[in-house]
Amino acid sequence: MIQNERVRTLNRKRIRQGRYVLYWMQASVRGEYNHALEYAIREANGLNQPLLVFFGITETFPEANERHYYFMLEGLRETQLTLRERGIQLVIWKRSPEVGVAELAKDASLVVVDGGYVRIQREWRDSAAERIGCSLVQVESDAVVPVEEASPKEEYSAATFRPKINRKLDYYLLPLEETSPQVDSLGLDVESFDVSDVEEAISRLDVDRSVPRVDGLHGGMQAAKRRLEEFLREKLDLYPELRNDPTQDYLSGMSPYLHFGQISPLYIALRVRDTDSPGKDAYLEELIVRRELSLNFVHYNDRYDSLQALPSWVRKTLGEHEADPREYVYGLADFEGAATHDPYWNAAQKEMAYDGKMHGYMRMYWGKKILEWTENPADALRIALYLNNKYELDGRDPNGFTGVAWCLGKHDRPWGERAVFGKVRYMSSKGLRRKFDADAYVRKVESVSEGQD
DNA sequence: ATCGGCTCGCGCAA
DNA sequence: TGCGCGAAGCCGAT
């Protein structure tokens, strides 16, 4: 089912007589469970034309490095093969996407695009909408509920957002049927950047090599599905009890795959819903309410990476405590080198640097302590976002921006006033020890990071 | 182990 | 206009 609300036009131009329909794959890099792809196939069939799919690689995506590119290329390679089996050609160009799509659109009847939420993706679509001479249609496949359908405005908290999005689930939690292309596009003669050997492909990209790929964690839908099935089979039942224990591995691990569009959130939601596990409500809360609240934040607040995005009570209270003496003050190098006085914080930083992901519970503690141990909240925000975006495989995701903002009070309520934090919620190492064996977490991270050094 | 207070603002009910 | 309640906590009292 492709609900009409998933589809909207981005310019006022017409469908014209071209040689093919073009699908600009921007955020949903997968050959299955992709509403934009299925919509484009149906349009192409209606025009009796082939469907060409385009993906543009830019070597200068802000804050991206080899770790991210490698994971992305693995997914891209698999997608190309999946599409080929469906008779669809995926063309990859080493060019900025909005330029590449405009070039290929010269011979297109219609261009379809999916869509990411962060600033640069939005700018690319705006730019492409002007450059392209035919109709440009966006189809939402990155959210279970399209952002503007879930809510018409920026939400104050999960509490205000939850009932709004939950009301829409019956309408949106429906499977997506596949359509077969009537006209094969494999014969179209278009050059493409070769990703069949990912190792070799990445060597031909001039990208930041300062952060290495994560050993043993591979991109692509097959890897995502294997991980998901293992989670459903072995972990979902205990998810409500163990998800906040970083010494355990009871999280789904879907966020890197979701970030790169390699698995559909709708597909995950349907797989989870169709179990009878006691953990399913807790998981769907995270996947839908919490994840899509982050899309709401980034979509409606274009200052999502700035202190301006925080509610007024937060800015007021942090301002009043800006001159408070800090017990510890660290700079970026101290944080990045995991060289604070706090073994728990250092372990969290190392986990992220080596594994490309930090346990969800530790992400909160990690961010709260950066706020506590920097000169001012502006420095804290800058440092937290820099490290998150550099080391997390799902860095630069709406979830990351929202998670860091939450540490500074976004989507939260005021709590007892104290130094530095003011009324923003505080977290302590004592709290960690109360909830789980924090020293066991440090040992766990050490054993992994020593193995990789 | 468990509870209440901390403190703001949204949104529903009246 | 009043009122209940909230994404992950902390802390002190019982």
Side-chain angles (χ1 to χ4, degrees), chain A residues 150-168 238-252 254-255 279-298 300-301 304 309-321 324 327 342 344-345 348 351 357-372 384 388 397-438 441:
Chain A
S151 168
K153 65 183 181 88
E154 182 183 359
E155 290 293 329
Y156 181 78
S157 70
T160 60
F161 185 58
R162 186 176 298 107
K164 294 182 187 178
I165 193 164
N166 282 341
R167 273 200 298 272
K168 305 273 182 173
L238 289 174
Y239 180 77
E241 290 135 76
L242 297 179
R243 72 196 160 112
N244 280 341
D245 185 343
T247 67
Q248 306 280 331
D249 178 18
Y250 268 79
L251 304 182
S252 70
M254 288 295 102
S255 67
K280 77 179 178 183
D281 288 348
Y283 186 77
L284 290 174
E285 163 80 14
E286 302 290 322
L287 176 72
I288 300 176
V289 178
R290 178 183 155 222
R291 177 168 180 272
E292 300 197 5
L293 176 61
S294 80
L295 303 183
N296 171 278
F297 173 48
V298 168
Y300 286 112
N301 195 326
Y304 57 79
L310 302 175
S312 56
W313 70 266
V314 170
R315 277 177 291 158
K316 180 166 180 284
T317 195
L318 288 179
E320 285 165 359
H321 290 272
D324 290 357
E327 194 175 349
D342 177 352
Y344 309 136
W345 194 96
E351 183 183 24
K357 55 186 160 84
M358 187 191 301
H359 190 279
Y361 192 82
M362 293 307 292
R363 287 193 192 198
M364 297 189 278
Y365 179 77
W366 176 88
K368 290 287 183 189
K369 290 302 172 190
I370 295 176
L371 174 60
E372 185 173 349
N388 181 75
D397 191 89
N399 267 321
F401 291 107
T402 309
V404 169
W406 180 85
C407 293
L408 275 69
K410 185 76 188 177
H411 294 153
D412 205 4
R413 60 173 154 155
W415 299 88
E417 190 160 11
R418 62 157 60 225
V420 183
F421 285 81
K423 292 168 183 170
V424 171
R425 183 196 300 257
Y426 171 74
M427 288 179 79
S428 70
S429 54
K430 216 167 132 185
L432 301 186
R433 288 191 295 267
R434 201 160 43 222
K435 286 188 181 356
F436 58 90
D437 186 345
Y441 170 69

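All values below come from the heavy atoms of this structure, side chains included, with hydrogens, waters and symmetry mates left out.
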Just the rounded figure in Å: distance from [atom2] of [N] to [atom1] of [X].
| X | N | atom1 | atom2 | value |
| --- | --- | --- | --- | --- |
| A/Arg413 | C/dG4 | CZ | P | 15 Å |
| A/Met358 | C/dA8 | CE | P | 20 Å |
| A/Tyr156 | C/dG6 | OH | P | 14 Å |
| A/Trp406 | C/dG6 | CH2 | C1' | 13 Å |
| A/Arg162 | C/dG6 | CZ | C1' | 8 Å |

Evaluate A/Arg162 against A/Glu285 for side chain to side chain contact (heavy atoms under 4.5 Å, CB included), listing each step before the verdict.
CA-CA 9 Å; A/Arg162 186 176 298 107; A/Glu285 163 80 14; 2.9 Å; yes
Pairs of donor and acceptor atoms involving the side chains of residues 408-416 of chain A, under 3.5 Å and at least two apart or interchain, shall be tabulated with distances.
| from | atom 1 | to | atom 2 | distance (Å) |
| --- | --- | --- | --- | --- |
| A/Lys410 | NZ | A/Glu154 | OE2 | 2.6 |
| A/Lys410 | NZ | A/Ala309 | O | 2.9 |
| A/Asp412 | OD1 | A/Arg425 | NH2 | 2.8 |
| A/Asp412 | OD2 | A/Arg425 | NE | 2.7 |
| A/Asp412 | OD2 | A/Arg425 | NH2 | 3.3 |
| A/Trp415 | NE1 | A/Arg413 | O | 2.9 |

Has A/Lys368 got its NZ or CZ under 6.0 Å from the middle of the six-membered ring of A/Trp345, at an angle within 45 degrees of the ring axis?
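Negative - A/Lys368 is either too far from the ring of A/Trp345 or too far off its axis.
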Can the positive tip of A/Arg243 be found less than 6.0 Å from the middle of the six-membered ring of A/Tyr361, inside 45° of the ring normal?
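Not satisfied by the 6.0 Å and 45° rule.
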Check for a donor-acceptor pair, side chain of A/Ser294 on one end and backbone N or O of A/Thr402 on the other, with a separation under 3.5 Å.
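No, because the side chain of A/Ser294 does not come within donor-acceptor range (under 3.5 Å) of the backbone of A/Thr402.
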N/O donor-acceptor pair under 3.5 Å between A/Asn296 side chain and A/Glu155 backbone
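Pair found, side chain donor or acceptor close to backbone of A/Glu155.
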Using a heavy-atom cut-off of 4.0 Å to chain A, what are the terminal contacting nucleotides of DNA chain B, in 5' to 3' order?
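Nucleotide range in contact with chain A: B/dC6 to B/dG11.
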Rounded to the nearest 0.5 Å, what separates atom OG in A/Ser429 from atom CG in A/Asp342?
6.0 Å
Report yes or no: do A/His321 and A/Glu417 form a side-chain donor-acceptor pair below 3.5 Å?
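A/Glu417 and A/His321 do have a side-chain donor-acceptor pair below 3.5 Å.
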All stems with DNA chain B, defined as three or more consecutive Watson-Crick or G-U pairs under 3.5 Å:
B:1-6 with C:9-14, B:8-13 with C:1-6
Could you tell me how far C/dG4 sits from B/dG4 if I compare only their P atoms? Round to whole Å.
15 Å
Inter-nucleotide P distance (C/dA7, B/dG11), Å rounded
13 Å
Counting side-chain heavy atoms from C-beta on, which of C/dA7, C/dG9, C/dC11 comes nearest to A/Leu293?
C/dA7
